[in-house]
Colleague: 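Below is one structure. I have some questions about it.
Worth saying up front: this structure is predicted, and the values here are computed from it rather than measured.
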Amino acid sequence: MIAFVSGPVAALGPATAVIEVGGIGMAVQCTPDTLTGLRIGKEARLATSLVVREDSLTLYGFADDDARQVFELLQTASGVGPRLAQAMLATHSPDALRIAVATGDEKALTAVSGIGKKGAQKLLLELKDRLGEPVGAHIGQQGIGAAVSSSWRDQLTAALIGLGYATREADEAVTAVAPQAEAAVADGGQAPVPQLLRAALQTLNRAR
């Protein structure tokens with residue numbers, strides 16, 4: 001397996017980057033987000049996943065190892081091949097996908113081209129225990145005091161925007177769940193971001 005490629009960027013296309021490795025141009029399929037971080041002539045390092053088929057060898061590239069790992073884990077679900085997995089990562093960041101799966105957010109998955117309502121429901125079931133916890137589950141564990149407890153607003157807003165909601169919708173949902181967060185903090189605890197995210201998504205779904 002080719003774990004990564006490193007070298008100057010020789011060319012960029014709508015979905016492909018060519019990285020010069022030891023005098024050889026390696027064509028790497030990338031998401032738009034990954035491509036925007038590359039510049040022709042500049043050094044680049046992409047984590048890669050090699051997909052082998054009877055009639056082809058295709059190298060998929062990612063900005064970091066986490067995205068590559070999620071790409072490979074997505075393909076463990078039935079019906080998900082490399083192209084659909086890449087489309088999911090082109091639509092959502094790795095952590096946004098973790099949040100969507102953890103909270104059962106069908107809307108986030110149906111936003112991906114090629115995934116319908118039934119497909120989203122199936123993926124949520126199959127991926128539930130495979131992608132790991134969202135980063136938001138660890139918010140509030142790095143320190144103590146009011147500065148930590150107040151960070152839940154920014155984290156929750158960023159998570160909702162990452163799932164495709166408009167800033168206005170995210171702000172309204174955060175305001176709606178604020179009493180739950182404030183109650184938890186008042187009791188001497190920390191704002192439970194994953195639970196708040198689920199509540200915020202329910203509020204948004206009712207509003208639509």
Side-chain angles (χ1 to χ4, degrees), residues 1-7 9-22 24-38 43-138 158-159 161-164 194 197:
M1 176 182 177
I2 302 174
F4 71 89
V5 295
S6 179
V9 179
L12 291 172
T16 307
V18 177
I19 308 297
E20 184 179 341
V21 181
I24 298 174
M26 304 287 284
V28 187
Q29 300 291 314
C30 303
T31 63
D33 186 55
T34 299
L35 289 171
T36 57
L38 303 177
E43 290 288 324
R45 184 186 188 279
L46 297 176
T48 57
S49 180
L50 179 63
V51 176
V52 180
R53 295 286 185 266
E54 289 185 1
D55 58 349
S56 66
L57 295 173
T58 306
L59 199 60
Y60 290 84
F62 309 91
D64 54 43
D65 292 335
D66 184 44
R68 190 260 312 279
Q69 181 182 32
V70 170
F71 172 77
E72 294 175 347
L73 288 173
L74 289 172
Q75 293 177 71
T76 64
S78 58
V80 179
R83 289 189 178 182
L84 182 56
Q86 189 181 46
M88 293 172 75
L89 284 167
T91 305
H92 299 297
S93 69
D95 200 49
L97 286 171
R98 290 190 181 99
I99 293 171
V101 171
T103 58
D105 186 6
E106 291 180 17
K107 176 181 176 295
L109 295 188
T110 55
V112 179
S113 177
I115 299 180
K117 183 177 178 63
K118 290 185 178 180
Q121 293 172 341
K122 185 178 180 182
L123 286 173
L124 289 172
L125 287 174
E126 290 194 30
L127 295 172
K128 185 175 181 180
D129 299 317
R130 301 184 189 180
L131 297 187
E133 294 182 356
V135 172
H138 302 289
I161 292 174
L163 290 173
L197 181 57

Colleague: State the CG-CG distance between D66 and D95, to the nearest 0.5 angstrom.
Modeller: 8.0 Å
Colleague: For the atom pair CD1 (I115) and CE (M88), what is the distance rounded to the nearest 0.5 Å?
Modeller: 4.5 Å
Colleague: If you round to the nearest 0.5 Å, how far is OH of Y60 from OG1 of T16?
Modeller: 9.5 Å
Colleague: Counting distance only, does the side-chain N/O of R98 pair as donor-acceptor with the main-chain N or O of L131 below 3.5 Å?
Modeller: yes
Colleague: Going through the distances and angles, do L97 and L109 end up as a side chain to side chain contact (heavy atoms under 4.5 Å, CB included)?
Modeller: CA-CA 8 Å; L97 286 171; L109 295 188; 4.1 Å; yes
Colleague: Of the non-hydrogen atoms in A77 and R130, which two are nearest, and what is the gap between them?
Modeller: N-NH1, 3.4 Å
Colleague: If you compare all heavy atoms of L38 against all heavy atoms of A17, which two are closest, and at what distance to 0.1 Å?
Modeller: CD1-CB, 3.7 Å
Colleague: Which heavy atom in A47 sits nearest to a heavy atom in D64, and how many Å separate them?
Modeller: CB-O, 3.6 Å
Colleague: Mind checking the CD-NZ spacing from Q121 to K118? Nearest 0.5 Å is all I need.
Modeller: 8.5 Å
Colleague: Show the nearest heavy-atom pair for residues L46 and C30, with the distance to one decimal.
Modeller: CD1-SG, 4.0 Å
Colleague: Between L89 and F62, is a side chain to side chain contact (heavy atoms under 4.5 Å, CB included) present by the stated rule, with each step listed?
Modeller: CA-CA 10 Å; L89 284 167; F62 309 91; 4.0 Å; yes
Colleague: Using only atom types and a distance under 3.5 Å, with no angle test, would you say the side chain of T48 pairs donor to acceptor with the backbone of I2?
Modeller: yes
Colleague: Given 3.5 Å as the limit, does a donor-acceptor pair link the side chain of R68 with the main chain of A3, or not?
Modeller: yes
Colleague: How far does CD of Q69 sit from CG of L74, to the nearest 0.5 angstrom?
Modeller: 10.5 Å
Colleague: Which heavy atom of R45 sits nearest a heavy atom of F4, and at what distance?
Modeller: NH2-CD2, 3.3 Å
Colleague: So which heavy atom on A44 is nearest to which on I19, and how close?
Modeller: CB-CD1, 4.3 Å
Colleague: Output yes when a side-chain donor or acceptor of E126 lies under 3.5 Å from a complementary backbone atom of S78, and no otherwise.
Modeller: yes
Colleague: CD/E106 to NZ/K122 distance, rounded to the nearest 0.5 angstrom?
Modeller: 14.5 Å
Colleague: Determine whether R53 and T58 satisfy the following criterion, side chain to side chain contact (heavy atoms under 4.5 Å, CB included), listing intermediate values before the conclusion.
Modeller: CA-CA 8 Å; R53 295 286 185 266; T58 306; over 6 Å; no
Colleague: Taking the side chain as every heavy atom from C-beta outward, state whether L35 and L12 have any atom pair closer than 4.5 Å.
Modeller: yes
